[in-house]
Amino acid sequence: MEKKNRKYFPIFVDLMDRKIVVVGAGTIAKRRIRALVDFTEHLYVIAPEVNPELRDLDAAGRLTIIRRKYEKGDICSASFVIAATNDNRLNQEIYADCKEAGIPVNVCNDRTRCDFYFPVLAYDDTIVAGVSSAGHDAAGSKRVANQIREMLRETEKTAEPAECKEHLGNQPNCDMDPDESFKTEIVQKTCRKVRIFTDGAARGNPDGPGGYGVILQYTDAAGELHEREFSQGYVKTTNNRMELMAAIVGLEALNRPCEIELYSDSQYLIKAFNEHWLDSWIKKNWMRNKTDPVKNVDLWKRLLSAAGPHRITWNWVKGHDGHPENERCDQLATGAADGEGLIEDIVQAI
């Protein structure tokens, strides 16, 4: 049968302990990497230049970047290889090397040289679905995958929610006590919808003063907006620690479960949750890889504890782009860093 008329059988493979090599870091390569990063702990990206998104994933221990041109030995011991460079001759060279080594390969710009095809993925914590047209109808595959994603979202919405109980854990442990009247309004009902805006700042990062700024908002049954601000400065800290502290303070101001939209311009914070960096770190006992420990573990653990009782959507906003609450949080954070009453940022032993 001609290859163009073949049907491809879907097989779900455990890639977690398998080495996957992606050569290239362009648009197509990034799509492949995004699809793979949640499914393997041994993802290698080979390219002379990579964008900040991939560097963030490397910093989080989600993949390993090798910043140079491809060499034949790069595919040694790989289970699968993706050739996704913008150089057709190099892609063909990678294809030939893989065929010689007996390694399944996908050449992104040539479906006639693909031992396997990438599906469009739709998945949640328990279900993984893949849709593929073997390179014939990409738009159709995306359309069907989007329908499946919508089905998964609807299933989550209609699932019976867990009983909403008062948070009986530790009382709020902020460096600056939140206003008690605001806390009283917040806890009048459980599962109140709350918006939290956060930002952190550091001068001379990582060896200078810093601060955080937080805004909490909710609208009561009468349609009245309630808002409260928090900020604190530190003698010596880092920008990332202040980003985490801002989120911690906002969450620790609530002592009953809430449905929260949290907004931050820190990709370090938002991607840790949305791209499951934390899941990987915890699984590896707070190691990025075999030799590099995760930084700020004390604050990550405190943040996870603060987030536990709530349903949180983690939203990234572009900093210094006119977002009113983000701009205000930046003013609070920088004002605290430049102001008086700075306190010590004590890294807690874990």
Side-chain angles (χ1 to χ4, degrees), residues 1-51 53-54 57-58 62-123 127-146 148-149 280:
M1 183 184 294
E2 293 184 14
K3 192 164 187 176
K4 67 179 182 179
N5 296 321
R6 293 179 186 173
K7 288 182 170 56
Y8 289 80
F9 186 81
I11 296 176
F12 291 83
V13 180
D14 182 0
L15 298 179
M16 196 57 65
D17 296 319
R18 294 173 178 257
K19 178 180 178 181
I20 313 297
V21 175
V22 179
V23 185
T27 301
I28 296 176
K30 284 192 294 181
R31 288 204 296 267
R32 300 292 186 261
I33 291 163
R34 291 192 195 106
L36 286 165
V37 73
D38 284 341
F39 295 90
T40 178
E41 294 183 349
H42 303 279
L43 180 59
Y44 294 82
V45 177
I46 300 166
E49 298 294 333
V50 294
N51 65 21
E53 178 182 351
L54 297 184
L57 289 170
D58 181 48
R62 303 296 305 282
L63 54 78
T64 300
I65 294 175
I66 302 173
R67 296 188 64 173
R68 57 167 170 74
K69 294 182 178 179
Y70 165 78
E71 297 176 1
K72 186 173 183 178
D74 291 331
I75 64 171
C76 179
S77 73
S79 294
F80 298 95
V81 172
I82 295 94
T85 77
N86 58 6
D87 184 335
N88 289 334
R89 292 181 62 182
L90 178 56
N91 288 341
Q92 297 310 314
E93 178 186 340
I94 296 166
Y95 175 80
D97 291 343
C98 289
K99 300 308 288 185
E100 179 183 341
I103 299 171
V105 58
N106 174 288
V107 179
C108 292
N109 61 353
D110 187 350
R111 63 185 182 84
T112 66
R113 288 179 167 80
C114 292
D115 296 316
F116 61 93
Y117 289 96
F118 258 82
V120 183
L121 292 172
Y123 61 96
I127 295 173
V128 178
V131 182
S132 175
S133 64
H136 292 285
D137 185 7
S141 296
K142 291 179 181 178
R143 183 174 61 254
V144 173
N146 283 333
I148 295 172
R149 293 187 189 109
S280 176

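The shown structure was predicted, so the numbers you read here are calculated from the model rather than taken from an experiment.
Between the side chain of Lys72 and the main chain of Glu93, no donor-acceptor pair closer than 3.5 Å is present. A donor-acceptor pair is defined here as one N or O able to donate and one able to accept, closer than 3.5 Å; such a pair exists between the side chain of Asp115 and the backbone of Val105. Checking side-chain atoms of Ser141 against main-chain N and O of Val120 turns up no donor-acceptor pair under 3.5 Å.
Note that CG of Asp97 and OH of Tyr70 are 3.5 Å apart. Values are rounded to the nearest 0.5 Å. To the nearest 0.5 Å, atom CZ of residue Phe39 and atom CG of residue Leu15 are 8.5 Å apart. Atom CD1 of Ile127 sits about 10.0 Å away from atom CD1 of Ile148, to the nearest 0.5 Å. Between the CD1 atom in Ile82 and the CD1 atom in Ile20 there is a gap of 6.5 Å [rounded to 0.5 Å]. Here the straight-line distance linking atom CG of Leu36 with atom CG of Leu43 works out to 5.5 Å at 0.5 Å rounding. The structure places NZ of Lys19 at 11.0 Å from OG1 of Thr40, a figure rounded to the nearest 0.5 Å.
Here side-chain hydrogen bond (donor to acceptor under 3.5 Å, both in side chains) pairs that include residues 23-34, with residues two or more places apart or in two chains, are Arg34-Glu53.
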Exercise for the section: Give the C-alpha distance, both sets of side-chain angles, the deciding distance and a yes or no for side-chain hydrogen bond (donor to acceptor under 3.5 Å, both in side chains) between Asp110 and Tyr95. Expected result: CA-CA 10 Å; Asp110 187 350; Tyr95 175 80; over 6 Å; no

Exercise for the section: Would you sort out whether Arg149 and Asn146 count as a side-chain hydrogen bond (donor to acceptor under 3.5 Å, both in side chains), showing the intermediate values? Expected result: CA-CA 5 Å; Arg149 293 187 189 109; Asn146 283 333; 2.5 Å; yes

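With Tyr44 as the fixed residue, the side chain to side chain contact (heavy atoms under 4.5 Å, CB included) test singles out one of Val23, Asp74, Thr64: Thr64.
The number of heavy-atom neighbours closer than 6.0 Å to CG of Asn109, taken from other residues, nucleotides and ligands shown, is above 12. By the neighbour-count criterion of 12 heavy atoms within 6.0 Å, atom CZ of Arg89 is sparsely surrounded, having that number or fewer from other residues, nucleotides or ligands.
Residues Ile75 and Ala101 approach most closely at CD1-CB, 4.4 Å, considering heavy atoms. Across all non-hydrogen atoms, the minimal contact from Ala47 to Gly24 is CB-C, 4.1 Å. Across all their heavy atoms, Ala25 and Glu49 have their closest contact at CB-O, 3.7 Å. In terms of heavy atoms, Val21 sits closest to Ala78 at CG2-CB, 3.9 Å. Taking every heavy atom of both residues into account, Ala122 and Ala145 meet most closely at CB-O, 3.8 Å. The shortest heavy-atom contact between Val128 and Phe12 is O-CE2, 3.6 Å.
Proximity of Leu90 to Lys69: side-chain heavy atoms (C-beta onward) are nowhere separated by under 4.5 Å. Side chains of Lys99 and Arg113 form no contact here, defined as non-hydrogen atoms less than 4.5 Å apart. Counting heavy atoms from C-beta outward, Leu54 and Ile65 have side chains that approach closer than 4.5 Å.
For Phe80, the ring pair (Phe, Tyr, Trp, His ring centres under 6.0 Å) test picks out Phe116, with sequence neighbours left out.
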